[in-house]
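Heads up, the thing below is written out as structure tokens.
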Amino acid sequence: GGDTPRMGHFNSSLEDHTRDHGFFGYVGIEAVLDQMRHKAMKTGFEFNVMVVGQSGLGKSTLMNTLFKSKVSRKSCTPDYEEKIHKTVHLQSVSHVIEEKGVKMKLTIIDTPGFGDQINNENCWDPIEKYINVQYEEYLKEELSINRKRRIPDTRVHCCVYFLPPSGHWLRPIDVEFMKRLGKIVNIVPVIAKADTLTIEERLEFRDRIKRDLEAYEISVYPQKEYDQDVEDQILNDKIREKIPFAVVGTDKEHQVNGNKILGRKTKWGIIEVENVAHCEFSDLRDLLIRSHLQDLKDITHNIHYETYRVRRLNEIKMNGIGLSPLMLVNSGSEKDDAGNHV
Amino acid sequence: MTPGDKGSSCQGQFTNPETPGYVGFANLPNQVHRKSVKKGFEFTLMVVGESGLGKSTLINSLFLTDLYPERIIPGAAEKIERTVQIEASTVEIEERGVKLRLTVVDTPGYGDAINSQDCFSTIIAYIDDQFERYLHDESGLNRRHIVDNRVHCCFYFISPLGHGLKPLDVQFMKAIHNKVNVVPVIAKADTLTLRERERLKRRILDEIDEHGIKIYHLPDAESDEDEDFKEQTRILKASIPFAVVGSNQQIEAKGKKVRGRLYPWGVVEVENPEHNDFLKLRTMLITHMQDLQEVTQDLHYENFRSERLKRGGRLSSHGYILPLSPAKGSDPEEMDKDMILQEKEAELRRMQEMIAKMQAQMQKQGEGDGDGQHM
């Protein structure tokens with residue numbers, strides 16, 4: 001919309017306008033971009049976030065705080081029970097949230113049971129499998145003869161990995177998980193419940209983690225090799241400096257200086273979640289939502305998914321298994337591990 | 001939406017950035033915008049029509065460039081045996097940091113020969129070829145830099161001299177309307193009075209209806225668009241087919257220089273909406289560039305793709321049934337034989353694979369059930 005009508009006045013000289021406004025003249029390049037924006041807003045966006053970490057690290061609370069809604073499974077299941085699961089379960093919950101006319105279908109995938117057992121060997125397997133299954137579903141649809149106009153996107157765009165605020169180093173389970181999963185999904189590690197650390201302790205912890213990440217060659221978002229240009233690199237370097245973000249989550253509001261703010265009230269003071277002097281929640285929110293949401297999706301689609309696709313197509317070549325469209329049209333009798341029809 | 005705890009709703013009312021409920025993903029369209037600006041656009045426009053209808057002049061007027069600087073107009077003798085050529089020229093336009101790579105595909109020779117029976121097979125082959133290439137790229141292993149050369153829009157020029165569509169016009173449009181967005185244009189509209197123009201437009205629309213020709217339909221303005229845009233869309237829709245005049249010359253008229261045609265009885269101004277629909281055509285093209293691309297991708301290309309995959313083809317190196325790559329410059333008859341042979345081989349291989357797989361499965365299950373797959 002705006003003040004000037006988008007339609008050109010059919011009376012003015014094309015050349016005058018072209019001189020002033022360039023090729024698109026009075027119609028303006030905005031007309032093309034406006035269409036795109038309008039269409040994008042109408043169709044809405046999908047965003048899928050996975051949260052991984054031991055029980056009690058505040059994963060659900062953090063998600064609720066990020067999206068200012070009770071979006072986690074915990075909040076939306078009436079008879080939810082806090083219990084340690086014997087195996088790693090993956091459960092997802094979707095909500096459609098709207099802001100200023102922009103609709104987003106947000107899906108949070110929870111992974112209760114991760115890291116909670118005595119023996120946590122291979123606890124990352126179900127997670128790895130889930131991520132790959134989403135890629136496979138997308139690939140199947142993309143290859144089929146009569147494919148949907150908009151392929152439903154259930155791929156995990158971002159995996160937030162919660163590190164307990166020990167203050168020491170990365171634990172073996174952290175290294176294993178991030179090393180493996182960093183290859184197939186965007187990992188954003190965060191230091192959970194950071195209000196147990198002082199600022200100095202936080203900085204030291206972060207340095208140690210960064211050194212560990214480098215030493216173990218763990219790939220976290222934003223990955224250096226995917227910076228598109230100098231502009232991106234500068235922006236992302238700043239982010240890489242601050243990773244992992246030390247976060248605190250809450251859904252409680254308190255009065256501070258006459259304003260209502262989100263915070264945790266203790267006897268020694270109120271920890272203000274959105275105060276950058278207290279914790280880095282705002283940085284995380286800005287990264288995930290305000291500035292890099294689309295980029296997270298693009299990297300997932302253009303890099304991680306493509307990598308998966310190439311691997312699969314090569315597998316097909318080697319095994320001669322027909323993933324041909326003919327077979328896809330006739331498929332429907334594939335079974336998953338549990339023996340249930342997919 | 002599943003409600004949360006009793007008392008609080010799952011969804012806040014997000015109104016403006018200052019409210020505590022603001023999350024910030026309303027910024028998402030801007031993120032997308034920024035990326036599109038960086039990436040730029042590609043658009044391919046095809047122009048089809050008999051010689052002498054002013055296509056090249058119109059294209060030059062439309063894009064204010066001279067895409068045909070050294071043009072030699074062939075005489076009749078040369079035209080007799082001429083087949084249709086395909087000539088593509090690309091121009092890069094940048095504005096406000098947004099890059100547009102515009103390709104115009106001209107089709108000289110169309111309708112020139114005495115017998116124009118087969119003059120559009122080259123054109124159709126070209127359109128299909130671009131689809132084929134895109135399908136091939138899209139199916140490949142490295143998809144990072146796919147170039148989209150598919151034809152997004154075809155301006156079809158209709159002569160103003162007849163009483164409507166000619167048989168060739170009908171045949172051609174019916175042959176391509178399922179492959180490309182067709183925008184009919186009445187050329188050299190200054191040969192008609194306003195009344196004649198309206199009559200001709202109505203006649204053409206009737207004939208389009210009668211013959212079941214599917215031309216590109218502008219999408220209706222959404223209910224939440226502003227009034228001006230809605231009005232613009234209404235006017236554009238009502239003016240189809242656009243009756244246009246093109247010119248490469250600047251004429252002095254009413255004290256200023258305008259693009260136009262100088263006659264003893266007056267000046268026809270290209271950019272004057274009362275004189276012709278040139279500006280409307282231009283506006284339509286620019287404001288609907290995105291939609292034209294989408295319809296090409298979602299409708300025409302997908303149709304091509306499903307037909308192509310159903311037909312099948314050579315089994316590619318990575319086991320996926322790829323469409324046959326276009327063989328350039330080979331003898332069509334030879335190629336057919338090759339194609340048939342390859343197809344037969346592929347078919348055999350496929351069947352063998354299926355049998356092998358079925359046998360393996362049967363061994364596993366120990367049952368004689370074919371699991372839904374059939375030969």
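Keep in mind that what you see is a predicted model, and the values were worked out from it rather than measured. In what follows, every chain begins at residue 1, and chains take the letters A, B, ... in the order their sequences are listed.
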Side chain, backbone, both or neither of [X] within contact of chain A (heavy atoms, under 4.5 Å):
X	result
B/F43	neither
B/E138	both
B/N142	neither

Where on [X] is there a heavy atom nearer than 4.5 Å to chain B: the side chain, the backbone, both, or neither?
X	value
A/L66	backbone
A/R285	side chain
A/D286	neither
A/D295	both

Do the side chains of [Y] and [X] get nearer than 4.5 Å, heavy atoms only?
X	Y	result
B/R144	A/I303	yes
B/L141	A/N314	yes
A/L106	B/F25	no
B/L28	A/F47	no

Inset, instruction - Please determine, among B/Q297, B/E307, B/E302, the option with the most heavy-atom pairs under 4.5 Å with chain A. - result: B/E302

Inset, instruction - Determine the minimum heavy-atom distance between A/I145 and B/R305, stating which atoms define it. - result: O-NH1, 3.5 Å

Inset, instruction - Measure across B/G24 and A/I289 and return the closest heavy-atom pair with its distance rounded to 0.1 Å. - result: C-CG2, 3.8 Å

Inset, instruction - Could you tell me which of A/M104, A/R147, A/E306 has the largest number of non-hydrogen atom pairs under 4.5 Å with chain B? - result: A/R147

Inset, instruction - Would you confirm whether A/R290, through its side chain, and B/V23, through its main-chain N or O, come within 3.5 Å as a donor-acceptor pair? - result: yes

Inset, instruction - For B/Q31 and A/Q294, indicate whether the former's side chain and the latter's backbone hold a donor-acceptor pair under 3.5 Å. - result: yes

Legend entry - salt_bridge(A/D232, B/R34) N-O dist < 4.0 Å: yes

Does atom [atom1] ([X]) have a neighbourhood of more than 12 heavy atoms from anything else shown, all under 6.0 Å?
X	atom1	value
B/K237	NZ	yes
B/E252	CD	yes
A/K105	NZ	no

Legend entry - Distance (rounded to the nearest 0.5 Å) between A/R309 CZ and B/S139 OG: 7.0 Å

